[in-house]
Engineer: 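Please see the structure below; I have some questions.
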Amino acid sequence: MDIKDKIAVQLYSVRKEMEQDLEGTFKKIHEIGFRFVQLDGMRGNEPAEVLRLLNKYELKVVGMHIKHDRFMNDLEGIVSEAYYFGCKTIFDKYIEEEDQTTAGYQATKKALIQAAQKLTELGFRIGLHNPEYDFNEQINGRCVMDFITDPVNGISIYAEPDTYWIRAAGHDEVEFIKRYSGRAPIVHMKDFISGFELEDMDHNLVEIGQGEVNFRAIIEWGEASGVEYYCIEQDRSKRNMFETLEASYHYLLAL
C-alpha cells in the first residue's frame with residue numbers, strides 16, 4: 001500500500017532542533033520527504049516565522065497540539081492560532097499532573113465537550129492526545145481516553161491513540177486501537193520494546209521497525225477505519241534525530 005501522502009511528523013520530535021535552527025530543521029524535514037506536520041508550540045520562534053518557513057518548505061499543518069490549560073481559559077486564542085496555521089484538527093496534548101484526578105478528568109471532559117459544541121459547526125475537530133501518564137487508570141469504569149471520548153448528547157471528542165503507550169500499558173495495540181475506528185483522524189506511530197520499566201523510555205522507546213509494534217497491521221486497520229495521517233512521534237533518539245526520522249519514514253513507506 002502507498003501511504004506516502006499520509007505520513008506526518010509530530011514536531012515535538014524536533015523541539016530542540018527548532019529552538020536552535022528553525023529553518024534548518026524544516027529544510028531537513030522536507031528533504032527526508034515529509035510534507036505533513038503536527039505542530040507542538042513555537043519553540044521560542046515567532047509564529048509568523050514558523051508559518052513562513054512551513055510554507056517555504058511545503059509543510060502542511062494537519063494537526064496541532066495545544067496546552068491543556070488553554071482549553072480551560074483561552075479558547076479564543078486557540079481558534080485564532082488554528083486559523084493562522086490553517087488547521088482545525090486540534091488536540092489537548094497532555095493533561096497536567098494536578099488534573100490527573102477523577103475531578104480533573106471530569107473537568108477536562110467538560111471543557112473539551114464545551115469547546116466541541118462551540119467549534120464543531122466551524123469545522124473544528126477537538127481531540128485528546130493519548131494519556132500516557134496512566135493509560136489504565138479508571139474513571140467510572142472507563143480508561144482515561146475512553147471516558148473523555150465517550151459521546152455526550154451526540155458530541156464526541158476525537159481520539160489520538162499512540163501505539164507505544166498502548167503497548168506499554170500491556171495491551172495488544174492492533175486489537176485495542178480498534179475501539180477508535182472512525183474517530184481517530186491521526187494516529188501516533190511509535191515503537192516499543194519490552195523488558196524494561198515502563199518509565200524507562202531511554203530503553204523501551206526505539207526507532208520504528210526496531211521494536212514489537214505491528215505497524216503493518218495498524219496501517220491496515222487505519223486504511224479501513226478513517227485514519228488520515230500516520231504521525232511519527234519520536235520523543236527521543238539514541239542517534240541524530242533526523243537520521244531516526246528518516247529511517248522511520250522509509251520503514252513505513254516500505255510496508
Side-chain angles (χ1 to χ4, degrees), residues 5-15 18-19 22-23 25-26 29-30 34-96 99 107-132 145 148-149 151-152 154-162 180 182-189 226-233:
D5 292 332
K6 301 183 76 170
I7 300 178
V9 59
Q10 163 57 261
L11 293 181
Y12 180 78
S13 310
V14 290
R15 57 198 181 280
M18 285 178 64
E19 291 175 0
L22 182 66
E23 179 158 12
T25 298
F26 286 174
I29 291 292
H30 174 94
F34 291 106
R35 295 297 179 269
F36 306 102
V37 301
Q38 192 175 40
L39 278 180
D40 185 85
M42 302 297 104
R43 302 297 165 185
N45 299 285
E46 290 297 323
E49 183 66 358
V50 173
L51 181 60
R52 182 184 75 81
L53 292 172
L54 286 170
N55 290 333
K56 178 176 179 179
Y57 292 101
E58 302 174 292
L59 299 172
K60 179 182 179 181
V61 179
V62 296
M64 297 174 65
H65 275 195
I66 305 293
K67 284 187 175 180
H68 176 66
D69 66 299
R70 294 185 65 194
F71 282 99
M72 309 293 183
N73 54 43
D74 186 30
L75 194 57
E76 186 174 321
I78 292 174
V79 171
S80 296
E81 189 173 324
Y83 275 116
Y84 188 74
F85 287 101
C87 176
K88 293 183 178 180
T89 301
I90 57 179
F91 298 93
D92 184 335
K93 66 173 288 184
Y94 179 81
I95 301 176
E96 303 298 342
D99 288 325
T108 296
K109 177 164 185 170
K110 182 179 179 180
L112 294 179
I113 289 289
Q114 288 177 341
Q117 287 173 327
K118 293 178 181 178
L119 300 180
T120 296
E121 63 183 20
L122 298 177
F124 281 78
R125 296 187 292 190
I126 311 298
L128 176 69
H129 179 223
N130 199 105
E132 66 256 33
M145 177 71 91
I148 290 180
T149 59
V152 176
I155 300 292
S156 296
I157 303 305
Y158 288 89
E160 187 178 43
D162 182 306
Y180 304 121
R183 54 197 184 103
I186 298 175
V187 172
H188 276 189
M189 308 291 266
V227 173
E228 297 167 13
Y229 295 99
Y230 303 96
C231 187
I232 298 170
E233 181 185 48

Engineer: Which residues pass the side-chain hydrogen bond (donor to acceptor under 3.5 Å, both in side chains) test with Asp99, not counting sequence neighbours?
Structural biologist: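 If we apply the side-chain hydrogen bond (donor to acceptor under 3.5 Å, both in side chains) test to Asp99, skipping adjacent residues, the hits are His68.
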Engineer: Could you check whether any side-chain heavy atom of Val37 comes within less than 4.5 Å of a side-chain heavy atom of Val62, counting everything from C-beta outward?
Structural biologist: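 Val37 vs Val62: side chains apart.
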Engineer: Could you work out, with salt bridge (charged side-chain N to carboxylate O under 4.0 Å, His left out) as the rule, every residue matching Lys109, not counting sequence neighbours?
Structural biologist: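 Residues passing salt bridge (charged side-chain N to carboxylate O under 4.0 Å, His left out) with Lys109: none at all.
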Engineer: Roughly how far apart are Ile126 CD1 and Leu112 CG, rounded to 0.5 Å?
Structural biologist: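 Atom-to-atom, Ile126:CD1 and Leu112:CG are 7.5 Å apart.
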Engineer: Please give me the minimum heavy-atom distance between Leu39 and Val50, naming the atom from each residue.
Structural biologist: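 The pair with the smallest heavy-atom distance is CD2-CG1, 4.4 Å.
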Engineer: Side-chain donor-acceptor pair under 3.5 Å between Arg183 and Thr149, yes or no?
Structural biologist: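 A donor-acceptor contact under 3.5 Å links the two side chains.
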Engineer: Give me the atom names and distance for the closest heavy-atom approach of Ile186 to Cys231.
Structural biologist: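 Scanning both residues, the minimum pair turns out to be CG2-CB, 3.8 Å.
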Engineer: Partners of Ala111 by side chain to side chain contact (heavy atoms under 4.5 Å, CB included), sequence neighbours excluded?
Structural biologist: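 Here the qualifying residues are Met72.
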Engineer: When you compare the side chain of Glu233 with that of Tyr12, does any pair of heavy atoms fall below 4.5 Å?
Structural biologist: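 They are in side-chain contact.
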Engineer: Any side-chain heavy atom of Leu59 sitting closer than 4.5 Å to one from Val61?
Structural biologist: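 They are not in side-chain contact.
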Engineer: Working to the nearest 0.5 angstrom, can you tell me the gap between Met18 CE and Met42 CE?
Structural biologist: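 Here the rounded value is 6.5 Å.
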Engineer: Excluding sequence neighbours, so at least two apart, what forms ring-ring contact (aromatic ring centres under 6.0 Å, His included) with Tyr83?
Structural biologist: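 ring-ring contact (aromatic ring centres under 6.0 Å, His included) check on Tyr83 returns Phe124.
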Engineer: For residues Ile78 and Arg70, report the shortest heavy-atom separation together with the two atoms involved.
Structural biologist: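 Scanning both residues completely, I find the closest heavy atoms to be N-NH2, 3.4 Å.
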Engineer: Which residues pass the ring-ring contact (aromatic ring centres under 6.0 Å, His included) test with His65, not counting sequence neighbours?
Structural biologist: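 For His65, the residues satisfying ring-ring contact (aromatic ring centres under 6.0 Å, His included) (neighbours in sequence not counted) are His129, His188.
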Engineer: Quick one: closest heavy-atom pair of Ser156 and Pro151, and the distance?
Structural biologist: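 Nearest heavy atoms, Ser156 then Pro151: OG-CB, 3.2 Å.
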Engineer: Might you point out which heavy atoms bring Phe34 and Ala8 nearest each other, and give the distance in Å?
Structural biologist: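 Closest approach of Phe34 to Ala8, heavy atoms only: CE2-O, 3.7 Å.
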Engineer: Among all residues two or more places apart in sequence or in another chain, which pass the side chain to side chain contact (heavy atoms under 4.5 Å, CB included) test with Leu51?
Structural biologist: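 Applying side chain to side chain contact (heavy atoms under 4.5 Å, CB included) to Leu51 gives Asn55, Tyr84, Phe85.
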Engineer: List the residues meeting salt bridge (charged side-chain N to carboxylate O under 4.0 Å, His left out) with Lys88, not counting sequence neighbours, and say none if there are none.
Structural biologist: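 With sequence neighbours excluded, Lys88 shows a salt bridge (charged side-chain N to carboxylate O under 4.0 Å, His left out) to no residue whatsoever.
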Engineer: Glu19: which residues meet the salt bridge (charged side-chain N to carboxylate O under 4.0 Å, His left out) condition with it, sequence neighbours left out?
Structural biologist: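 Checked Glu19 against salt bridge (charged side-chain N to carboxylate O under 4.0 Å, His left out); zero matches.
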Engineer: Please identify each residue that fulfils ring-ring contact (aromatic ring centres under 6.0 Å, His included) with Tyr158, with sequence neighbours left out.
Structural biologist: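 Tyr158 satisfies ring-ring contact (aromatic ring centres under 6.0 Å, His included) with no other residue.
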Engineer: Going through the distances and angles, do Phe71 and Thr108 end up as a side chain to side chain contact (heavy atoms under 4.5 Å, CB included)?
Structural biologist: CA-CA 8 Å; Phe71 282 99; Thr108 296; over 6 Å; no
Engineer: With no hydrogens and no angle check, do the side chains of Glu160 and Gln38 hold a donor and an acceptor under 3.5 Å apart?
Structural biologist: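 Present: a donor and an acceptor within the cut-off.
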Engineer: What distance separates Met64 CE from Asp40 CG, expressed to the nearest 0.5 Å?
Structural biologist: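 So the gap between those two atoms works out to 10.0 Å.
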Engineer: Working to the nearest 0.5 Å, report the span between CD1 of Ile66 and NZ of Lys93.
Structural biologist: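 The NZ atom of Lys93 is 9.5 Å from CD1 of Ile66, to the nearest 0.5 Å.
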Engineer: Who pairs with Arg52 by salt bridge (charged side-chain N to carboxylate O under 4.0 Å, His left out), at least two apart in sequence or on another chain?
Structural biologist: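 Glu49.
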Engineer: If you round to the nearest 0.5 Å, how far is CD1 of Ile148 from CG of Asp92?
Structural biologist: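 That separation rounds to 7.5 Å.
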Engineer: First locate atom CG of Leu22, then atom CG of Leu11, and finally report the distance between them rounded to the nearest 0.5 Å.
Structural biologist: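 Going from CG on Leu22 over to CG on Leu11, the span is 9.5 Å.
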Engineer: Looking only at heavy atoms, which two atoms of Asn130 and Asp162 are closest? And how far apart?
Structural biologist: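 Looking at all heavy atoms of both residues, the closest pair is OD1-N, 2.9 Å.
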Engineer: Dump the intermediate steps for side chain to side chain contact (heavy atoms under 4.5 Å, CB included) on Ile232 and Ile7, then the final yes or no.
Structural biologist: CA-CA 7 Å; Ile232 298 170; Ile7 300 178; 4.0 Å; yes
Engineer: Can any side-chain N or O of Arg35 pair as donor or acceptor with the backbone N or O of His30 at less than 3.5 Å?
Structural biologist: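 Checking the backbone N and O of His30 against the side chain of Arg35, a donor-acceptor pair under 3.5 Å is found.
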Engineer: Arg15: what forms a side-chain hydrogen bond (donor to acceptor under 3.5 Å, both in side chains) with it, not counting sequence neighbours?
Structural biologist: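 In terms of side-chain hydrogen bond (donor to acceptor under 3.5 Å, both in side chains), with neighbours along the sequence ignored, Arg15 is linked to no residue.
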Engineer: The criterion is side chain to side chain contact (heavy atoms under 4.5 Å, CB included); which residues satisfy it with Val227, sequence neighbours excluded?
Structural biologist: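 Val227 satisfies side chain to side chain contact (heavy atoms under 4.5 Å, CB included) with Val187, Trp221, Tyr230 only.
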